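Fair warning: this is a prediction, and the values are worked out from it, not measured in the lab. Convention: sequence-line order gives letters A, B, ...; per-chain numbering from 1. Heavy atoms only: backbone and side chains are in, while hydrogens, waters and symmetry mates are out.
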Amino acid sequence: MNKQWSNLEVAELLRDLAAALQIKDPKKNKFRIIAYENAATEIEHLSSEIKDLWDENKLAEVPGIGDSLAKNLDELFKTGKSEHFESLLRDIPKAVFDLMKVQGVGPKTAFKLVSQFNISDTNPKGQLAKVAREGKIRDLEGFGEKSEAEILKSVTEFKVDKAKRILYSYAVGKSEEILAWMRQDKNVKRIDTLGSLRRKVSTIGDIDLSVITDRSKEVLNHFVNYPHTSRILEKGEHKASIMVPGEIQIDIRVQPQDSYGSLLQHFTGSKYHNIALREYSLKNGFSLSEFGIKDLNSKTEKLLKFSDEEKFYKFLGLQFIPPELREDTGEIEAARQNKIPKLIELADIKADLQMHSSFDIETSHDIGGCSMWDLIEKGNDLGYEYLAFTEHNPSQKGHTQQQIVNILQKKKDTVDQINSSLAKGVKGSIKKVFNSLEIDILPNGSLPVSQEGLETLDFALVSIHSSFNLSKSDMTKRILSALDNPKVKVLAHPTGRLILKRESIEADWGKIFEFAVKNDKWIEINADSSRLDLPDYLIKDALKLGVKFTLGTDAHNAWGMDNMQFGINNARRGWLTVDDIVNTRSLSQFEKLLTKP
DNA sequence: GCCGTTTTCGGCCCGACTGTTTTCAGTCG
């Protein structure tokens, strides 16, 4: 009956409302527009569904939502529409909001084009391309030949919307190519990767670079001459932007050494961190920008310059804030109180707790491509002390429970043999491997391995690989039921998301985290770059409740074990320290934790 | 329209770049 509003849909509606106000009277509505946009951003970043919060009467607790928005959202959720919202949108054709997704087209431009050319909401981009090709746009007031050409280019050559994102791991590869190109210019004294790449966000919107140079013009010329450039979006004195194949945007900013710290800070973002930091600073009489800090209380408002970021934050009375935490989720207040934690680092990791060897376990899922000894060799290269082999469980189909037990017994014997070899002193840092298993959680919460089978294991991981669409309460029961088994220690890739491909399952995470804390279960942070699961925002929620985590790469071959860095990034974004992660413990400490009653 | 270690009123981050303009509006991050 009633529409199930997702956070993204509500946020989009609020952004459309902001755009409508922008079209109607930007001056009069200036701060209302900001308020709507703020609310949209807050809702996008919520870790629970806004509709659920409304159910629980907690709308007013969401930052950016005041009396007025709460009232209108209440009406929207109750009846499917809000009178007030509808009246704001009334005079704006739907095609306007579609065209706003085109690069370089904002609310004003979209509205002008739609009104002038009577563009309807069936294929508005096609209609826009047509009038551009016919040379009709150039005659409109405020447009010309250049802007007409730009619009045509955006709408035809670059079909992907502004909001497109790519995987972090993919973006790293792309950024390394352009870094290599930029370093060929001897005017580049230093170059950094900033923005969401430096903050290690799981998906990247564009690649941001900054350069120290005294010859801005030459460096920016070299940049736009990058051989893979498919389009130059802009090029000025301080910055430039290009597009490269794959429709990835690359932005660069250049500055001399003496103010480079401010540029690093500004261009690392996030936007929301910067806004919050600037608001905080204004209250103390300072105005921040990428060029430095203005003391508003001094007569001359002299610009103070900072060559490095540490000094920039220190000047503001703040502890240095690691880039991964700069999301305006409490880091500024923490820095003020000197409470920024020492975040986990890759070197702290002593084990990989999810990997799949080529041991033939007769599973219906994918098996690994490398032998257990190959994985151990890789573990030695990484300096680990122990590993856990976590192949998928043998398939139920085509096996009796007894046959499954037999297969698991065979695997146990193999692991035992390896451990006795390791005990005899095989060269390398790995001292022990654990006999584990990644077991499907069946839709009803039961496990496809008998208790007798489970007893062959040191411990088990459980995870969801089917029926992703159960209701929230059924899903929660399903997970808790699986975790309840005494042999089960870890909930692996908990939300089941595949970034940019599959949404997270819906579950009552608060309940699951509380259960984990109470019953000594661990929550995995899967380091596969397309999983990164738990997601960072849920890690923070879990951390507050005292959850302990494991890090596992889910490697299906030896080089997959190199993905640990991605998991570390995610853990850092979740504010985790060494204490929070189980596989930072030494082998003996880890064994104690395993056998804890 | 939101919000409060100046506040229930009076603020709300700060700047670059482009195109179409003669001083600025629109878009973007």
Side-chain angles (χ1 to χ4, degrees), chain A residues 14 17-19 21-23 26-42 60 62-73 84-85 88 99-113 137-151 154 162-163 194-196 205-208 210 216 220 232-241 249-255 259 262-263 265-294 296 303 317 328 333 336-337:
Chain A
L14 293 173
L17 290 164
L21 291 165
Q22 178 80 20
I23 290 163
K27 284 211 178 73
K28 184 180 142 209
N29 294 316
K30 187 171 173 196
F31 296 109
R32 270 177 91 197
I33 292 166
I34 292 172
Y36 275 100
E37 282 174 347
N38 282 345
T41 302
E42 291 292 348
V62 179
I65 296 185
D67 291 344
S68 169
L69 278 173
K71 182 176 145 284
N72 288 306
L73 287 174
H84 179 59
F85 289 171
L88 287 176
L99 290 187
M100 273 169 47
K101 291 176 182 143
V102 176
Q103 172 80 42
V105 177
K108 289 278 196 179
T109 309
F111 184 71
K112 250 188 236 172
L113 292 168
I137 293 177
R138 66 184 69 177
D139 298 331
L140 295 183
E141 202 189 329
F143 293 84
E145 282 183 40
K146 276 189 181 171
S147 50
E148 180 181 80
E150 279 301 299
I151 287 170
S154 290
K162 288 173 201 168
L194 304 178
S196 49
D206 51 26
I207 294 171
D208 298 318
S210 70
S216 308
L220 291 178
I232 299 171
L233 294 173
E234 63 177 37
K235 179 166 161 292
E237 255 183 274
H238 298 93
K239 61 178 197 161
S241 298
Q249 183 174 333
I250 306 179
D251 299 333
I252 198 166
R253 284 173 183 258
V254 296
Q255 217 149 279
S259 56
S262 294
L263 178 60
Q265 196 287 319
H266 166 77
F267 210 18
T268 297
S270 68
K271 183 182 166 186
Y272 310 108
H273 172 80
N274 284 354
I275 290 174
L277 191 65
R278 286 168 183 197
E279 284 172 347
Y280 161 82
S281 303
L282 267 185
K283 284 178 191 158
N284 298 315
F286 298 106
S287 170
L288 314 185
S289 79
E290 60 265 51
F291 300 108
I293 300 179
K294 265 187 225 155
L296 300 176
L303 186 72
D328 188 26
E333 186 55 21
R336 207 177 62 79
Q337 299 177 19

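Atom CG of A/Leu233 and atom P of B/dT18 are 10 Å apart (whole Å). Here B/dT18 presents its P atom at 20 Å from CD1 of A/Ile137, a figure rounded to the nearest Å. B/dC2 atom C1' lies 14 Å from atom CG of A/Leu73, rounded to whole Å. Rounded to an integer number of Å, the gap from NZ of A/Lys283 to C1' of B/dG10 is 13 Å. At whole-Å resolution of the value, CD1 in A/Ile252 and C1' in B/dA16 are 15 Å apart. Here B/dT6 presents its P atom at 11 Å from OH of A/Tyr280, a figure rounded to the nearest Å. Between the P atom of B/dG29 and the CD1 atom of A/Ile250 lies a distance of 14 Å, rounded to the nearest Å. Distance, A/Glu37 CD to B/dC28 P: 11 Å, rounded to whole Å.
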Can you tabulate the close N/O pairs, meaning under 3.5 Å, that link protein atoms to atoms of nucleotides 23-26 of chain B?
from: B/dG26; atom 1: O3'; to: A/Thr109; atom 2: OG1; distance (Å): 3.2

Table of protein N/O atoms under 3.5 Å from nucleotides 13-15 of chain B N/O atoms:
from: B/dC13; atom 1: OP2; to: A/Glu279; atom 2: OE2; distance (Å): 2.4
from: B/dC13; atom 1: O2; to: A/Arg278; atom 2: NH1; distance (Å): 2.6
from: B/dC14; atom 1: OP1; to: A/Ser287; atom 2: OG; distance (Å): 2.9
from: B/dC14; atom 1: O4'; to: A/Arg278; atom 2: NH1; distance (Å): 3.0

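Shown here is A/Gln337, whose CD atom has more than 12 heavy atoms of other residues, nucleotides or ligands within 6.0 Å. Around CD of A/Glu237, the count of heavy atoms belonging to other residues, nucleotides or ligands within 6.0 Å does not exceed 12.
Within residues 140-150 of chain A, the residues that have a heavy atom under 4.0 Å from DNA chain B are, in order of number, A/Gly142, A/Phe143, A/Gly144, A/Glu145, A/Lys146, A/Ser147.
Closest heavy-atom contact between A/Ser210 and A/Leu194: OG-CD1, 3.2 Å. In terms of heavy atoms, A/Glu42 sits closest to A/Pro63 at CG-O, 3.2 Å.
With distances taken from any side-chain atom of A/Asp206 to the nucleotides B/dC17, B/dG29, B/dC2, the minimum falls on B/dG29.
Across the strands present, B/dA16 finds its partner in B/dT27; the criterion is a Watson-Crick or G-U wobble pair with both atom distances under 3.5 angstrom.
Counting non-hydrogen atoms under 4.0 angstrom, A/Lys235 reaches the backbone sugars and phosphates but no base.
Going from the P atom of B/dG15 to that of B/dT20 covers 27 Å, rounded to whole Å.
The backbone N or O of A/Gly292 sits nowhere less than 3.5 Å from a side-chain atom of A/Ser259 that would complete a donor-acceptor pair.
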